[in-house]
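First comes the structure, then the notes that go with it.
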Amino acid sequence: MEEVLVEDFKRIAQGNLPMEEFKNRTFVITGATGLIGSLLVRFLLFANREYDLHVQVKAVVRNVDKARQILGEEKPGELSYLVSDLAKTGVHCDGDCDYIIHAAAVTASKLMVSDPIGTIRTAIDGTEKMLQLAVEKKVKSFIYISSMEIYGQPKVEGKTAEKDLGYVDIGAVRSCYPEGKRMCECLCTAYAAQYGVNVKSARLAQTFGAGILPSENRVFAQFARSAVNKEDIVLHTTGESEGNYVYTADAIAAILTLLVKGEAGEAYNIANEESHTNIRSMAEMVAGKIANHQIQVVIDIPENSASLGYAPPVKMWLDASKMCALGWKPAVNLEESYRRMIRWMREQQ
């Protein structure tokens, strides 16, 4: 395993995470070839080797060949693949299931505007299928991977807490994503109330760092590649949106903490409050501190920018105090997140 990930995984395991709760348990993880799902799988397999957890991971994937490229071959009693397109079919899972982490979702902005119906169906139908499985299997705990986009455009002054939902324009095609997330969280609340499912929603800030996939093309990956290749960073917006970020390993630690310590039916912001900035400032930080001022930031707004699926401008600073009250604390700031992500990218070459 790559050096930077080993460092991250050791830090997770040696932190405040109640690792003993996972021993001899079975996990079902959807979206297992995506960023969050793949890192969860990889961490649990690492913990099996290093800490004798005897965890079984059942990874829900659409394409087994892709899964093998990212996660490796199946290993009896440790890793198996469950093939399902959650927008169309459910998950058939033999045997016990102690924990479900539902990370499957459409994350590409272009798909949100080119296939909004598919985006909604993947979100709502997939989430309900997994909640139904949770009822059937009487799972100990369920995590729904939500997003900070659920807040829309908050109108609060200062930091945004879990109750501070803002405005989402349902007349905009791209709103299929945040509205889908809201409906999924509503489903989670309903299943917690009606069926007693111990489900928690993890509202992730923009998550990046070591472990990103080669296909990743969100702005953080574009900025990092520009720094590595000594190419100017080109922004296709004015970069005024204020965002929240969290390092990949910090997010994984938070999700697993929430799995054990979170309260049923509740949502939790997962963000590094200190990693709060706007897109323009982040680009300038990368150009200056990461690329040593060898590149510049260029603004080039295309005429067809609406078709690219960019999220509307927003000013938001997530309040992570509810998550931190469970004993979680982010360890990696924004600049170090880029440095570790670039180490990872170089290790893949």
Side-chain donor-acceptor contacts of residues 52-61 below 3.5 Å, not counting sequence neighbours, with atom names and distances?
unit_1, atom_1, unit_2, atom_2, d
Lys58, NZ, Asp94, O, 2.4

Side-chain heavy-atom pair Phe46, Ile12 within 4.5 angstrom cut-off = no
Which pairs, with at least one residue in residues 18-33 and sequence neighbours excluded, count as a salt bridge (Lys or Arg N to Asp or Glu O under 4.0 Å)?
-> Arg25-Asp98
For the residue pair His102 and Tyr144, does the interplanar ring angle fall in the parallel (under 30°), tilted (30 to 60°) or perpendicular (over 60°) class?
-> tilted
Quick one: does Ile252's side chain get under 4.5 Å of Phe9's, heavy atoms only?
-> no
May I ask you to say whether Arg343 pairs ionically with Glu3, meaning some side-chain N is under 4.0 Å from a carboxylate O?
-> yes
Between Tyr245 and Phe208, what is the ring plane arrangement, given parallel below 30°, perpendicular above 60°, and tilted in between?
-> perpendicular
Decide yes or no for Val260 and Ser141: does some side-chain heavy atom of the first lie under 4.5 Å from some side-chain heavy atom of the second?
-> no
Stepwise salt bridge (Lys or Arg N to Asp or Glu O under 4.0 Å) check, Arg340 with Asp8 | CA-CA 10 Å; Arg340 296 187 72 78; Asp8 284 347; 3.0 Å; yes
Quick one: are Glu2 and Gln348 in side-chain contact, heavy atoms under 4.5 Å?
-> yes
Is there a donor-acceptor pair under 3.5 Å between the side chain of Lys140 and the backbone N or O of Asn198?
-> no
Test Phe142 against every option in Leu259, Ile100, Leu133 by the side chain to side chain contact (heavy atoms under 4.5 Å, CB included) rule and name the one that passes.
-> Ile100
Proximity of Tyr99 and Phe22 rings by center, below 6.0 Å | yes
Using 4.0 Å as the upper bound for N to carboxylate O, is an ion pair formed by Lys181 and Glu179?
-> no
Just by modelled atom types, is the Ile212 backbone N or O under 3.5 Å from a matching donor or acceptor in the Trp344 side chain?
-> yes
With a cut-off of 6.0 Å (strictly less than), are more than 12 heavy atoms of other residues, nucleotides or ligands near CG of Asn16?
-> no
Salt bridge (Lys or Arg N to Asp or Glu O under 4.0 Å): pairs with one or both residues in residues 157-171, sequence neighbours excluded | Lys159-Glu273
Would you say Arg62 has more than 12 foreign heavy atoms packed within less than 6.0 Å of its CZ?
-> no
Gln294, CD: over 12 other non-hydrogen atoms inside 6.0 angstrom | yes
Side chains of Leu86 and Thr122: does their closest heavy-atom pair fall under 4.5 Å?
-> no
Kindly check if the number of other-residue, nucleotide or ligand heavy atoms within 6.0 Å of CD (Gln206) is above 12?
-> yes
Given side chains that start at C-beta, do those of Val314 and Glu149 come closer than 4.5 Å, heavy atoms only?
-> no
Taking the side chain as every heavy atom from C-beta outward, state whether Leu258 and Lys200 have any pair of such atoms under 4.5 Å apart.
-> yes
Would you kindly say whether Ser84 and Thr89 are connected by a side-chain donor-acceptor distance under 3.5 Å?
-> yes
Following the transitive rule for hydrophobic clusters with a side-chain heavy-atom cut-off under 4.5 Å over Ile, Leu, Val, Met, Phe, Trp and Tyr, establish whether Met148 and Val219 coincide in one cluster.
-> no
Is there a donor-acceptor contact under 3.5 Å linking the side chains of Tyr247 and Asn333?
-> no
Just checking, is any N or O donor in the side chain of Arg203 or Tyr151 under 3.5 Å from an acceptor N or O on the other one?
-> yes
Do the charged groups of Arg11 and Glu7 touch, with an N to O distance under 4.0 Å?
-> no
Has the side chain of Ser109 got a donor or acceptor atom that lies under 3.5 Å from a matching backbone atom of Thr107?
-> no
Kindly state each residue pair satisfying salt bridge (Lys or Arg N to Asp or Glu O under 4.0 Å) with at least one member in residues 319-329, sequence neighbours excluded.
-> Glu266-Lys322
Look only at the side chain of Ser275 and the backbone of Leu334, and say whether a donor-acceptor pair between them is shorter than 3.5 Å.
-> yes
Quick one: side-chain hydrogen bond (donor to acceptor under 3.5 Å, both in side chains) partners of Lys137, sequence neighbours excluded?
-> none
Any side-chain heavy-atom pair from Leu71 and Arg42 closer than 4.5 angstrom?
-> yes
Examine distances only and state if a side-chain atom of Glu74 and a backbone atom of Pro76 form a donor-acceptor pair shorter than 3.5 Å.
-> no
Can you list the residues that meet the side chain to side chain contact (heavy atoms under 4.5 Å, CB included) rule with Val83, with sequence neighbours excluded?
-> Val64
Under 3.5 Å, side chain of Asn278 to main-chain N/O of Ser241, donor-acceptor pair present?
-> no
Please indicate whether Ile299 has more than 12 foreign heavy atoms, meaning atoms of other residues, nucleotides or ligands, lying under 6.0 Å from its CD1.
-> yes
Regarding Glu263 and Tyr268, is there a side-chain donor-to-acceptor distance under 3.5 Å anywhere?
-> no
Any donor-acceptor N/O pair, Asp125 side chain to Lys88 backbone, under 3.5 Å = no
Side-chain donor-acceptor pair present, Glu185, Ser146, cut-off under 3.5 Å = yes
